[in-house]
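Remarks on the structure that follows.
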Amino acid sequence: MLASPNPHRRNRYVSACQQLLAFGLVLAALTPAARTITMDVRPAGPASDARSSSVYLRSATVPSRVATAPVDPQVKEYSLTAPEGARLAPGMLRASSRRTPQGGQKVTSDVVPVKGYGAVGVTWGHGLTVSDRALAVQARTYAHGRWSKWTTVPYHDDHAPDPDSREGRHARPGTDPLLVGNVNRVQVRIDADASAPADMKLAVIDPGHETSTARQKPAIDTATLDGGSRESTTPSSEGDLTLQSSMAAPKPKIFSRAQWGADESLRDAPSLHYYEVHAGFVHHTVNANDYTRDQVPSILRGIYAYHVQSRGWSDIGYNFLVDRFGRIWEGRYGGVDRPVVGAHTLGYNDNAFAASAIGNYETARPSRATIQAYGALFAWKLGLHGVDASSTKQYVTSRNFQAINGHRDADSTACPGQYLYNRIPRIRELAAATQQGWGGRQLESSLIGSSRPDLVLRRATDGVVFIRQVVPDDGAYRLGKKVATNLTLPDASLILKAGDWDSDGYGDLIVKQDGVLSLYRGLGKAKFAEPTQLGTGFGSVSKLAAVGDFTGDGQPDLMGQPARGSMQIYPGAGAAGLKKSYTAYSPITGRKQIPIGLWDADGAPDSLVRTRTALTLYYGNGPGGFTSQKALSIPVSGYDWLLGVSDVDLTGHSDLIARTSSSGQLWVIPGTASGFQTPVAISGTTTEYDLAG
């Protein structure tokens with residue numbers, strides 16, 4: 001986990017450089033003693049976190065003073081060095097400069113005013129490569145008639161959005177923001193080993209003051225999450241989302257962006273994009289640890305303003321932030337239950353999320369509440385995306401990580417501070433203990449009651465429905481005995497094996513007829529209850545399939561593509577029907593979608609889409625939908641049936657059942673993580689039946 005960063009990635013990064021994400025969470029350096037900005041905080045006592053997560057949930061979700069309207073932060077920037085190749089008129093620079101005998105350069109800013117509960121940071125020209133060992137930035141403040149001591153403004157060159165992302169192409173390198181609090185004036189000085197970077201600017205941030213507040217509980221309850229409008233410009237994720245965690249309790253409650261007063265007009269909305277979550281990273285904000293509950297919203301607004309307005313990022317860099325009281329705060333916009341790509345761990349943002357602890361955990365131990373919050377948050381968030389919190393091998397962008405990591409496991413940085421890093425094994429324990437698995441994410445059957453997959457057959461002459469299983473037989477396969485159901489469905493245009501749709505332990509069927517979806521609840525032993533209506537308006541929806549628990553809420557879902565529309569997820573709500581659909585991918589060409597369950601090892605279901613001659617695998621990331629596709633080299637033109645089944649041989653991977661159109665011969669096509677194996681014949685033919693999908 002402590003392997004050296006990939007040199008190629010490091011080179012790319014340096015160009016996007018120093019878009020140091022340690023953002024400022026240094027902001028948090030909030031110190032009630034307004035006249036000082038020192039970040040040296042006496043370590044607290046040992047952080048025993050033996051309390052259960054349920055205790056954490058009670059203690060961290062009490063009503064807190066929060067904003068009830070957006071707050072407009074203000075950022076004032078002062079030029080310290082000229083832009084590269086430019087000449088500035090005298091007086092345009094707000095700094096003095098001198099060369100050192102060693103060939104370096106010292107830059108000292110003018111004394112500038114601070115308004116509000118201030119924070120400061122220093123940025124420089126986009127694309128300039130500056131090692132974090134070649135530059136030192138310090139600040140001091142003036143209040144109550146005297147100057148504070150000089151204090152380090154942290155800078156790490158591996159906190160940044162990925163260089164090839166939209167925000168990475170426009171970002172400015174810079175320091176973390178440093179919270180200075182209620183002071184009158186501030187001054188910074190920069191010591192560079194060589195020439196100071198061009199176009200250096202001192203940013204002074206006023207996070208604004210709430211004009212309207214209230215005592216509220218967290219606005220986001222992940223146990224009953226019903227999403228909200230989340231815009232997106234990418235084809236793989238947009239629209240509303242209704243999700244719950246696939247884990248058993250506890251499910252964390254999260255204070256929303258609105259509750260810390262986020263002004264949504266500041267962020268670059270078109271930059272919002274989603275990909276996958278394979279792992280999580282623990283960060284810290286490198287500020288003082290003695291802030292109050294009521295000061296946290298202003299800390300977050302200061303970080304947000306600095307990241308967006310000074311660093312040029314599209315939004316605040318972290319997905320979540322955790323304070324010392326155990327409260328979890330929504331960070332980057334896009335949905336806490338979605339795989340939102342942040343700007344937190346350079347080179348690994350696409351495949352991971354990050355939560356940053358507000359505080360400096362190089363000098364102080366994290367509180368018990370903070371550790372409990374991390375355990376609950378990571379259990380829920382990882383489980384939502386099908387990741388086992390105890391996993392020691394998760395592929396993230398270019399190499400393997402554990403499911404839960406410190407930032408220093410990915411880059412050469414002290415983040416998240418030694419004291420917090422020492423508690424990551426405990427966070428893993430708490431998260432793993434909280435998770436109770438997500439077996440329902442695989443394709444399920446249980447229409448008869450056996451562990452082996454079954455086939456739903458409809459006799460073409462009269463529509464009578466039977467069930468038969470595929471049984472291994474000395475290296476070959478045969479069909480099990482025909483089991484009669486109490487169903488006759490001659491007019492159904494589609495019959496879907498829906499898994500345990502209503503969570504009663506029995507497999508169910510969903511039937512489409514004249515655009516109406518009906519649920520036939522399984523009663524066990526191939527018998528079904530009278531139908532209940534699930535939804536209408538599905539007449540023009542093609543490639544409709546029961547894909548298993550795609551959203552990670554513990555209930556099976558549907559996916560399909562309306563005419564002239566994109567591929568949609570229709571989240572299942574059990575017997576209550578369907579929740580609001582949202583876009584999973586851009587329009588897909590093909591005749592049929594074939595659910596294939598957990599094809600790869602990321603824990604989220606995947607699907608196949610068939611054309612007349614080929615199969616394409618679409619990789620799922622769970623809540624966000626599909627992320628990418630891969631053509632499979634398997635000839636399918638001779639088959640009139642293709643059906644994904646959970647696992648015929650019980651080897652741990654989904655398989656296909658196929659039928660030769662000319663003869664009615666059935667085949668098992670065993671699946672592996674790398675593709676499909678040679679088809680093996682099933683004894684007997686089924687020319688008199690339709691195969692339900």
Side-chain angles (χ1 to χ4, degrees), residues 5-25 75 83-84 121-132 135 154-177 197-201 203 232-234 236-237 266-279 281 283 303-319 331-334 338-354 356 396-399 407 410-413 415 624 627-628:
N6 181 294
H8 176 68
R9 184 185 67 74
R10 171 65 73 181
N11 289 340
R12 284 186 344 180
Y13 124 56
V14 237
S15 78
C17 210
Q18 302 93 314
Q19 297 144 31
L20 128 85
L21 184 130
F23 331 147
L25 306 188
V75 179
E84 191 169 14
V122 175
T123 68
W124 48 91
H126 171 75
L128 297 179
T129 300
V130 182
S131 166
D132 56 6
L135 193 73
Y155 163 55
H156 300 288
D157 58 7
D158 48 14
H159 289 142
D162 293 336
D164 55 357
S165 65
R166 175 185 170 115
E167 62 182 319
R169 291 192 293 270
H170 301 283
R172 287 172 62 88
T175 69
D176 293 349
D199 197 22
M200 291 192 86
K201 294 180 180 181
S232 169
T233 59
T234 59
S236 61
S237 49
L266 296 182
R267 61 185 177 85
D268 179 21
S271 289
L272 171 65
H273 67 295
Y274 304 86
Y275 204 66
E276 297 181 348
V277 169
H278 297 175
F281 287 97
H283 291 249
I303 297 170
Y304 177 45
Y306 181 66
H307 287 174
V308 174
Q309 296 180 261
S310 294
R311 301 297 305 278
W313 298 352
S314 65
D315 197 347
I316 193 169
Y318 302 112
N319 301 99
R332 179 159 289 212
Y333 183 92
R338 302 291 291 276
V340 180
V341 175
H344 46 77
T345 309
L346 182 66
Y348 303 104
N349 293 310
D350 276 358
N351 294 138
F353 76 98
S356 190
V396 181
T397 306
S398 60
R399 63 188 181 95
H407 183 195
D411 292 303
S412 299
T413 174
C415 184
T627 60
S628 57

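Because the structure is predicted, anything quoted here is derived from the model rather than measured.
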Check against side chain to side chain donor-acceptor pair (under 3.5 Å), Glu167 and Ser271: CA-CA 7 Å; Glu167 62 182 319; Ser271 289; over 6 Å; no

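- Formation of a donor-acceptor pair under 3.5 Å by the Asn349 side chain with backbone atoms of Val341 is not found in this model.
- Across all non-hydrogen atoms, the minimal contact from Pro197 to Leu135 is CD-CD1, 4.1 Å.
- A side-chain donor-acceptor contact under 3.5 Å links Arg169 to the backbone of Asp164.
- Two residues are said to be in side-chain contact when any heavy atoms from C-beta on lie closer than 4.5 Å; Thr123 and Tyr306 meet this criterion.
- The two atoms that bring Val396 and Ala352 nearest to each other are CG1-CB, 4.3 Å, heavy atoms only.
- Contact detail for Pro163 and Leu346: the closest heavy-atom pair is CD-CD1, 3.8 Å.
- Shortest non-hydrogen contact noted between Ser131 and Tyr155 is O-CE2, 3.7 Å.
- Residues Thr175 and Gly121 come closest through the heavy atom pair OG1-CA, 3.5 Å.
- A donor-acceptor contact shorter than 3.5 Å links the side chain of Tyr274 to the backbone of Gly334.
- Closest approach of Pro83 and Ala198 over heavy atoms only: C-CB, 4.1 Å.
- Within the 3.5 Å criterion, the main-chain N or O of Gly317 finds no donor-acceptor partner in the side chain of His344.
- Listed for the Asp315 side chain is a donor-acceptor partner under 3.5 Å among the backbone atoms of Tyr333.
- Within the 4.5 Å cutoff, side-chain heavy atoms of Arg332 are placed close to those of Ser314.
- Taking 4.5 Å as the limit, every side-chain heavy atom of Trp313 sits out of range of all side-chain heavy atoms of Ser165.
- Considering only heavy atoms from C-beta on, His283 comes within 4.5 Å of Cys415 through its side chain.
- Under the salt bridge (charged side-chain N to carboxylate O under 4.0 Å, His left out) criterion, Asp350 pairs with no residue at all, not counting sequence neighbours.
- In this structure, Arg172 contributes its side chain and His126 its backbone to no donor-acceptor pair below 3.5 Å.
- A donor-acceptor contact shorter than 3.5 Å is absent between the side chain of Asn351 and the backbone of Val277.
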Test log, rule side chain to side chain donor-acceptor pair (under 3.5 Å), inputs Tyr348 and Arg399: CA-CA 9 Å; Tyr348 303 104; Arg399 63 188 181 95; 3.1 Å; yes

Pair His407-Ser356, side chain to side chain donor-acceptor pair (under 3.5 Å): steps then yes or no: CA-CA 10 Å; His407 183 195; Ser356 190; over 6 Å; no

CA sep, side-chain torsions, deciding dist, call: Asp268, His170, side chain to side chain contact (heavy atoms under 4.5 Å, CB included): CA-CA 11 Å; Asp268 179 21; His170 301 283; over 6 Å; no

Glu84 and Asp199: CA distance, side-chain angles, deciding distance, side chain to side chain contact (heavy atoms under 4.5 Å, CB included) verdict: CA-CA 7 Å; Glu84 191 169 14; Asp199 197 22; over 6 Å; no

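- Checked by atom type and distance alone, the side chain of Asn319 pairs as donor or acceptor with a backbone atom of Ala354 at under 3.5 Å.
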